[in-house]
Colleague: 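A single structure is presented below for examination.
Lettering follows sequence order; numbering is per chain, from 1. Every value quoted in this text rests on a predicted model; they were computed, and no experiment measured them.
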Protein chains: 2
Amino acid sequence: MSKEDSPEPPRKAGRPRSEKARAAALAAAYAILKEKGFARVTVEAVASRAGIGKPTIYRHWANARELAMAALMAHGAIQPGKAAQDTADDDPIIALEDQLVAMTARFATPAGRQVALMVAAADSSSELTKSFRNQVIGQSRETARALLTRAVETGRLRADFDMEIALDLLHGPIFYRLLVGHLPLDEGFCRKLISACLRGLEFG
Amino acid sequence: MSKEDSPEPPRKAGRPRSEKARAAALAAAYAILKEKGFARVTVEAVASRAGIGKPTIYRHWANARELAMAALMAHGAIQPGKAAQDTADDDPIIALEDQLVAMTARFATPAGRQVALMVAAADSSSELTKSFRNQVIGQSRETARALLTRAVETGRLRADFDMEIALDLLHGPIFYRLLVGHLPLDEGFCRKLISACLRGLEFG
DNA sequence: TAATTACGTTACGTTGCGTTTCATAATGAG
DNA sequence: CTCATTATGAAACGCAACGTAACGTAATTA
């Protein structure tokens, strides 16, 4: 259920799309992305570097932003790091902390900030955008959701909170500091944030 | 202490900058911003509409983004709404709720989303960006900070939390939903968010 | 073999950028 | 008053990238 990419290849008439050209475009886009940043991933630069034609790129993606998102997804540069699950302590709370700290560290870089910005600025109506959003933010949410659920089941947390709100509570402030940049986004902040989420501001 | 705009006008030699041209640019930029959105605020469009020259615009602002930010600030389109303070209940917690709900309502629009996106995407090294950020997010934070402080003083909240963390806890998730758009950003969310912040996820 | 579709190349028109040049206008200094 | 200084609007520039169209060619199905 994880890969229903092509239910069936209906094999139309005519010359098939070149998978080689597609892969070359993704590779070139990813290379430019890493070397020169998001703004330099232009259709013309990718076409030139990949040795393919511009029209071919437009046959596969709507514009350079979508191509950049596709390149990031294709190269798995957004994966939440399975290390989080390896490090998973018996205590789901500690595991949650570790996972959020790791996620923060991955995003608190110029490249990570660009990825977050791409999510924020992307055209919401595009299917590719939705996939990208799911990879960038959905993954971390699902991991956190599982840990919170386990924490509730083992009696470490109350059970009467709204799960989506809780996830926003944990992730929102990180995203906020990352993009607004009003205050530093470091591990100390991340840990204090989690602590505050758990304890709340009121008297117990 | 609120307007130390020009400590002194050092009156250099030569023709002075045309305040009329400056105002025309800001007005035209704001009009285009409202009518056609942020992306259409180009230096050429503003110059044409304002009846001024492109070089004049570049003499005042570094690029179209900064001009757009300046236009928004000049027209006070970002003010936090003093209504929040008027509505201020005796109970600072209720006042805080009202203020955050009002802020959310203002931002949960296409225009508000654009403003948030401008903050996120702006060049952090620019002074104008910092001013803009202060107007967009600083204002609401200061209001919330005052209310939280009052709530602590009147014994409604614990006093051992980190104020900046608390402010991020309240604002971050709103900003997050606004820009990521994974789930709706409405008043119900806003109120549940505040409730969760106050209570925390742990047992009391 | 014919129809169909994608390929890479090349070229096109468009938009917007940021800069330069120009003659002209407005100010302060001498 | 005259001069140096600086800003103005107008026009034009070269640059980059956009997205599209026109080719002739290659690959595939019917």
Side-chain angles (χ1 to χ4, degrees), chain A residues 6 8-29 31-33 35-71 118 121-123 125-126 128, chain B residues 6 8-29 31-33 35-71 118 121-123 125-126 128:
Chain A
S6 46
E8 74 247 27
R11 275 309 182 95
K12 298 269 191 175
R15 177 176 178 173
R17 297 251 178 120
S18 164
E19 190 53 42
K20 191 175 163 191
R22 180 187 169 85
L26 289 173
I32 295 174
L33 200 50
E35 290 172 15
K36 310 185 181 176
F38 173 68
R40 307 293 290 276
V41 181
T42 69
V43 172
E44 311 208 320
V46 171
S48 165
R49 179 159 185 156
I52 65 180
K54 274 207 298 174
T56 299
I57 290 183
Y58 282 109
R59 234 172 260 121
H60 286 262
W61 300 277
N63 51 55
R65 279 141 289 168
E66 302 238 327
L67 170 55
M69 289 194 292
M118 284 174 66
D123 170 22
S125 64
S126 145
L128 205 150
Chain B
S6 45
E8 74 246 29
R11 276 308 182 95
K12 298 271 192 175
R15 178 175 177 171
R17 296 244 177 125
S18 163
E19 190 52 42
K20 191 177 163 189
R22 180 187 170 86
L26 289 172
I32 295 173
L33 199 50
E35 290 171 17
K36 310 185 181 174
F38 173 68
R40 306 294 290 276
V41 181
T42 68
V43 172
E44 310 209 322
V46 171
S48 166
R49 178 158 185 158
I52 63 179
K54 277 207 298 173
T56 299
I57 290 183
Y58 282 109
R59 233 171 262 120
H60 286 263
W61 300 278
N63 51 54
R65 280 140 286 163
E66 301 239 325
L67 169 54
M69 289 195 290
M118 283 175 65
D123 170 21
S125 64
S126 144
L128 206 150

Colleague: Say you draw a straight line from CD of Glu66(A) to OH of Tyr58(A); how long is it, rounded to the nearest 0.5 Å?
Modeller: 12.0 Å

Colleague: Quick check: do Arg17(B) and Arg59(B) have side-chain heavy atoms less than 4.5 Å from each other?
Modeller: yes

Colleague: Would you mind telling me which of dT8(D), dC18(D), dG8(C) lies closest to the side-chain atoms of His60(B)?
Modeller: dT8(D)

Colleague: For Ala47(B), report the nucleic acid contact type (base, sugar-phosphate, nothing); a contact means any heavy atom under 4.0 Å.
Modeller: nothing

Colleague: Just how far is it from atom CG of Leu33(A) to atom CG of Leu67(A), taken to the nearest 0.5 Å?
Modeller: 9.5 Å

Colleague: Given side chains that start at C-beta, do those of Asn63(A) and Asp123(A) come closer than 4.5 Å, heavy atoms only?
Modeller: no

Colleague: So which nucleotide from dG16(C), dT8(D), dG8(C) ends up closest to the side chain of Ala21(B)?
Modeller: dT8(D)

Colleague: Hey, does Ile32(B) have a side-chain heavy atom less than 4.5 Å from the side chain of Val46(B)?
Modeller: yes

Colleague: Take the protein atom CD1 of Ile57(B) and the nucleotide atom C1' of dA10(D), then report the distance between them rounded to whole Å.
Modeller: 14 Å

Colleague: Does a side-chain N or O from Thr56(A) land closer than 4.0 Å to OP1 or OP2 of dG8(C), or not?
Modeller: yes

Colleague: Check the distance between dC15(D)'s P and Glu44(A)'s CD and give it to me in whole angstrom.
Modeller: 15 Å

Colleague: Rounded to whole angstroms, how far apart are CZ on Arg40(A) and P on dC18(D)?
Modeller: 12 Å

Colleague: What string of B, S and - do you get for nucleotides 20-30 of chain D 5' to 3' if you count protein non-hydrogen atoms under 4.0 Å?
Modeller: BB----BBBS-

Colleague: Starting at CG of Leu67(B) and ending at P of dG18(C), how long is that distance when rounded to a whole Å?
Modeller: 11 Å

Colleague: Taking NZ, NE, NH1 and NH2 as the nitrogens, is one of them in Arg49(B) or Glu35(B) under 4.0 Å from a carboxylate oxygen of the other?
Modeller: yes

Colleague: Rounded to whole angstrom units, what separation is found between the NZ atom of Lys20(A) and the P atom of dC7(C)?
Modeller: 13 Å

Colleague: Measure CZ/Arg65(A) against P/dC18(D) and give the value in whole Å, please.
Modeller: 8 Å

Colleague: What I'd like to find out is whether the side chain of Arg22(A) reaches to under 4.5 Å of the side chain of Trp61(A), using heavy atoms alone.
Modeller: yes

Colleague: Rounding to a whole Å, what distance do you find between Arg17(A):CZ and dC7(C):P?
Modeller: 6 Å

Colleague: Find the distance Asn63(B):CG to dC17(C):P and express it as a whole number of Å.
Modeller: 9 Å

